[in-house]
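Comments concern the structure below.
Lettering follows sequence order; numbering is per chain, from 1. This structure is a prediction, so every number in the text was calculated from the model and none was measured.
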There are 2 protein chains.
Amino acid sequence: MPINLKDVAREVNLSINTVSRALRGLQGVSEARRQQIREVAERIGYRPNRAARRLVLQRSQSIGILVPSLNIPFFAEIDIAIQEMLQEKSYFLYTLNTRDDPAHTMECIELLVEHRIEGLLSIGLPPPQSAELLRSHNIPVVVMVMFQGDLPPHFVGYDDEAGGYQAARHLIGLGHTRIAYFTGKWESDHASLRRTGFSRAVDETMGRVVSRVVFDNYDNTIRSGYQSAGGIVDMIRKGEVSAVMCVCDAVAFGLMHMLNEQELRIPEDVSVIGYDNIEMAEFSIPPLTTISQDASRIGRFGSNLMLQMLESGEDWSKVRHQVLLEPSLVARQSTARLGKSGESAARRHRAKAESNPAV
Amino acid sequence: MPINLKDVAREVNLSINTVSRALRGLQGVSEARRQQIREVAERIGYRPNRAARRLVLQRSQSIGILVPSLNIPFFAEIDIAIQEMLQEKSYFLYTLNTRDDPAHTMECIELLVEHRIEGLLSIGLPPPQSAELLRSHNIPVVVMVMFQGDLPPHFVGYDDEAGGYQAARHLIGLGHTRIAYFTGKWESDHASLRRTGFSRAVDETMGRVVSRVVFDNYDNTIRSGYQSAGGIVDMIRKGEVSAVMCVCDAVAFGLMHMLNEQELRIPEDVSVIGYDNIEMAEFSIPPLTTISQDASRIGRFGSNLMLQMLESGEDWSKVRHQVLLEPSLVARQSTARLGKSGESAARRHRAKAESNPAV
DNA sequence: CTGAAAGCGCTTACAG
DNA sequence: CTGAAAGCGCTTACAG
């Protein structure tokens with residue numbers, strides 16, 4: 001049914017390989033002929049069949065990307081940036097949502113292998129069982145954003161340790177001496193790197209600043225941040241903490257919502273800093289101080305690295321190529337100098353308790 | 001380099017078509033042989049080549065989806081739902097981000113045609129220039145979510161008119177008699193349908209309720225809602241409006257941010273209702289009353305419709321198949337009964353002005 | 001400048 | 001139960 005080279009060839013009374021060469025702009029076809037062939041192809045609606053071209057060229061000119069959850073805008077933006085970069089270089093990108101489920105991820109990878117992708121980009125580590133399959137098909141892998149354990153040999157992401165350090169430095173610079181890090185029970189490696197950076201900044205103060213780590217959040221959602229904020233609220237009330245760094249903006253929003261319900265003021269009673277700089281961070285009440293990462297930069301670096309691996313002809317299996325981008329702090333109104341705005345939460349709480357012994 | 005049928009055949013000393021049949025589970029191969037062939041294929045890492053299979057089967061078993069901006073979670077969720085549905089039916093989904101740019105969308109469509117997609121799903125109408133190409137290649141199109149002009153013949157989306165009506169009914173039911181609809185200068189058809197539904201509810205009151213439409217927002221972002229909220233603020237101050245419906249949640253958040261800055265209380269001074277029920281709506285301060293649409297339902301209905309068109313064998317070119325889902329209202333704390341909480345914004349404003357004539 | 005032939009990796013009749 | 005052959009739509013040497 002669809003029109004093929006033979007149809008065009010018949011129409012112009014030439015052989016299919018002349019038509020093929022003309023359409024691809026190769027030399028060895030007179031300009032007049034080429035013109036004519038082009039017109040006919042256009043008129044009868046000819047489009048080359050990629051499957052056939054792939055088969056004969058023995059390469060797919062396509063790359064796969066594994067995204068744990070495409071509905072996270074940060075991940076989607078990485079995908080978009082990569083799609084644009086690759087289209088420019090006439091590679092095709094297969095985008096697959098893995099639901100962060102190893103079994104389903106394996107199926108996705110097998111599908112991509114059957115499509116003969118030339119390279120695999122992955123947000124987060126692909127499951128270990130896939131390593132042998134990818135290796136045996138000679139498919140290079142670039143991991144982006146997240147990993148567990150050792151830094152993967154080909155990696156592009158932000159330096160979470162540096163981000164955590166920056167956030168803590170910001171709070172310390174504002175005079176806070178009792179600060180908390182609010183994270184999840186099951187920490188991903190990058191969450192724990194943020195915590196490590198946070199702790200390094202605290203340690204550098206040689207005891208002048210003390211910190212607590214609260215592992216109460218579940219899954220880094222707004223809801224979870226809200227539901228697990230109780231411990232933090234207590235500490236603020238008791239004056240044990242005057243500033244909180246959250247593992248991500250969503251958790252920060254959940255915490256802020258709870259603080260608001262508990263009539264704790266931000267930043268007067270407690271400073272809050274997030275991580276990610278999602279769109280909403282600029283418009284929350286108050287606007288959220290946070291650590292900013294540029295998704296499209298990851299996409300650009302990731303696709304560039306992949307393209308290098310594909311086109312340099314080098315043996316990359318023994319080369320490590322790891323790109324760690326430096327995140328940047330965006331100061332907004334959710335953090336402020338300690339004690340700037342009068343009485344602390346602890347003092348107010350104490351006053352309240354004294355006037356009403358039942359509390 | 002990659003292993004093919006011939007490699008497996010050589011290994012087991014059989015012809016490639018026996019191997020092919022065994023691996024695909026067709027009858028006519030003894031069970032013992034099949035077992036042996038499977039093992040060998042597994043051992044040497046054979047994976048069928050999709051390009052070759054497509055070529056010979058004369059079908060790609062794949063479908064394309066055009067997404068204007070994949071980083072809008074609502075759209076991404078539609079994509080995810082479709083990907084899951086189609087994978088179950090062993091179709092492959094090509095996800096392409098079009099940037100909402102007609103020229104780029106055309107390139108995307110041409111690419112998909114070269115990949116011989118069997119059907120095209122599109123969030124929003126594909127550009128008119130693509131119609132001829134798609135028709136000539138016999139590719140059915142299902143439009144989702146948005147359209148301009150007439151309802152496309154194959155469409156799945158939510159009934160925006162009904163949503164606008166529900167929102168207005170909600171405000172009227174709370175006793176508001178002066179209500180506003182806050183939308184953009186250049187209204188999309190679905191934004192204007194929401195407005196139509198809104199107006200219908202107002203009209204039904206036979207003049208008991210009056211409404212204003214404010215076309216000041218630009219591009220339905222939080223920022224734009226914030227920057228263009230001035231007109232609404234004035235009306236609230238003057239007592240001309242006690243409730244506002246926004247074209248979407250993002251604009252509602254922008255408006256709320258401005259109201260907060262202007263010390264207008266929600267819902268005491270003004271009720272605000274959004275549209276979309278994005279994740280943040282549950283956690284804004286106050287939580288936002290809004291109209292909810294289920295993205296994965298659109299995805300499920302959309303892919304089902306496409307599958308029907310592909311597999312029923314009917315001539316769908318003369319059949320209209322339009323699915324309009326009913327959205328639902330989610331009542332939260334940003335809307336309240338009129339005058340419930342004491343003095344109105346207008347009265348407070350007047351009092352303030354009297355005590356300070358300079359205002 | 002143009003064409004005939006081989007072949008990419010598979011599946012599908014058709015023989016045996 | 002198994003194999004030889006043709007062919008899907010293209011590109012690439014190789015002739016002319």
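The nearest heavy atom of DNA chain C to B/Ala51 and to A/Thr18 marks one nucleotide each, and the one closer to the 5' end goes with A/Thr18.
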Each base of DNA chain C marked ( ) or [ ] if paired in-strand (Watson-Crick or G-U under 3.5 Å), | if paired to another strand and . if unpaired gives |||.||||||||.|||

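In this structure, A/Glu114 does not pair ionically with B/Arg47, as no charged nitrogen and carboxylate oxygen lie closer than 4.0 Å. Contact check on A/Arg43 versus A/Glu11 returns a salt bridge, with a Lys/Arg side-chain nitrogen under 4.0 Å from an Asp/Glu carboxylate oxygen.
When distances are taken from the side chain of A/Asn4 to each of C/dT12, D/dG9, C/dG9, the shortest belongs to D/dG9. When the nucleotides D/dG3, C/dC10, D/dT2 are ranked by their closest atom to the side chain of B/Arg33, D/dT2 comes out on top. For B/Asn17, the side-chain atoms get nearest to D/dA5 when compared with the rest of C/dC8, C/dA4, D/dA5. Residue B/Ala52 places its side chain closer to C/dG9 than to any other of C/dG9, C/dT11, D/dT11. Nearest nucleotide to the B/Val56 side chain, out of C/dC10, D/dT11, D/dC10: C/dC10.
Atoms CG (B/Leu55) and C1' (D/dT11) sit 13 Å apart, rounded to a whole Å. What separates CG of A/Leu5 from P of C/dG3 is a distance of 13 Å, to the nearest Å. One interatomic measurement links the two molecules: CD1 of B/Ile16 to P of C/dT12, which rounds to 13 Å at whole-angstrom precision. Separating the CG atom of B/Asn13 from the C1' atom of D/dG3 is a distance of 13 Å, rounded to the nearest angstrom. In this entry the distance linking NZ of A/Lys6 with P of D/dG7 reads 9 Å, nearest Å. Between B/Leu26 atom CG and D/dC1 atom C1' there is a gap of 13 Å when expressed in whole angstrom units. Following rounding to the nearest Å, B/Leu23 (CG) and C/dT12 (C1') show an atom-to-atom distance of 16 Å. In this structure, B/Gln35 places its CD atom 15 Å from P of D/dC1, rounding to the nearest Å.
Taking the six-membered ring for Trp and thresholds of 30 and 60 degrees, A/Tyr94 and A/His115 have ring planes inclined between 30 and 60 degrees apart.
Considering only side-chain N and O atoms, B/Ser15 lies nowhere under 4.0 angstrom from the phosphate OP1 or OP2 of D/dT2. The shortest distance between the side-chain N/O atoms of A/Arg24 and the OP1/OP2 oxygens of D/dT12 is below 4.0 Å. Close to D/dT11, at under 4.0 Å from its OP1 or OP2, lies a side-chain N or O of A/Ser20. Side-chain nitrogen and oxygen atoms of B/Gln58 include at least one within less than 4.0 Å of the OP1 or OP2 phosphate oxygen of D/dG9.
Here A/Ser90 pairs with nothing under the side-chain hydrogen bond (donor to acceptor under 3.5 Å, both in side chains) rule; sequence neighbours left out. For the salt bridge (charged side-chain N to carboxylate O under 4.0 Å, His left out) test, residues two or more places apart in sequence or in another chain that qualify with A/Asp101 are A/Arg99.
Within a 6.0 Å sphere centred on CD of B/Glu42, heavy atoms belonging to other residues, nucleotides or ligands number 12 at most. Atom CG of A/Asp150 is surrounded by 12 or fewer heavy atoms from other residues, nucleotides or ligands within 6.0 Å.
Among the protein residues, A/Asn49 comes within range of the sugar-phosphate backbone only, with heavy atoms under 4.0 Å from sugar or phosphate atoms but none that close to a base.
In this model, a donor atom of one side chain and an acceptor atom of the other lie less than 3.5 Å apart for B/Gln87 and A/His104.
The base of D/dG3 sits with one of its N or O atoms less than 3.5 Å from a complementary donor or acceptor on the side chain of B/Arg21.
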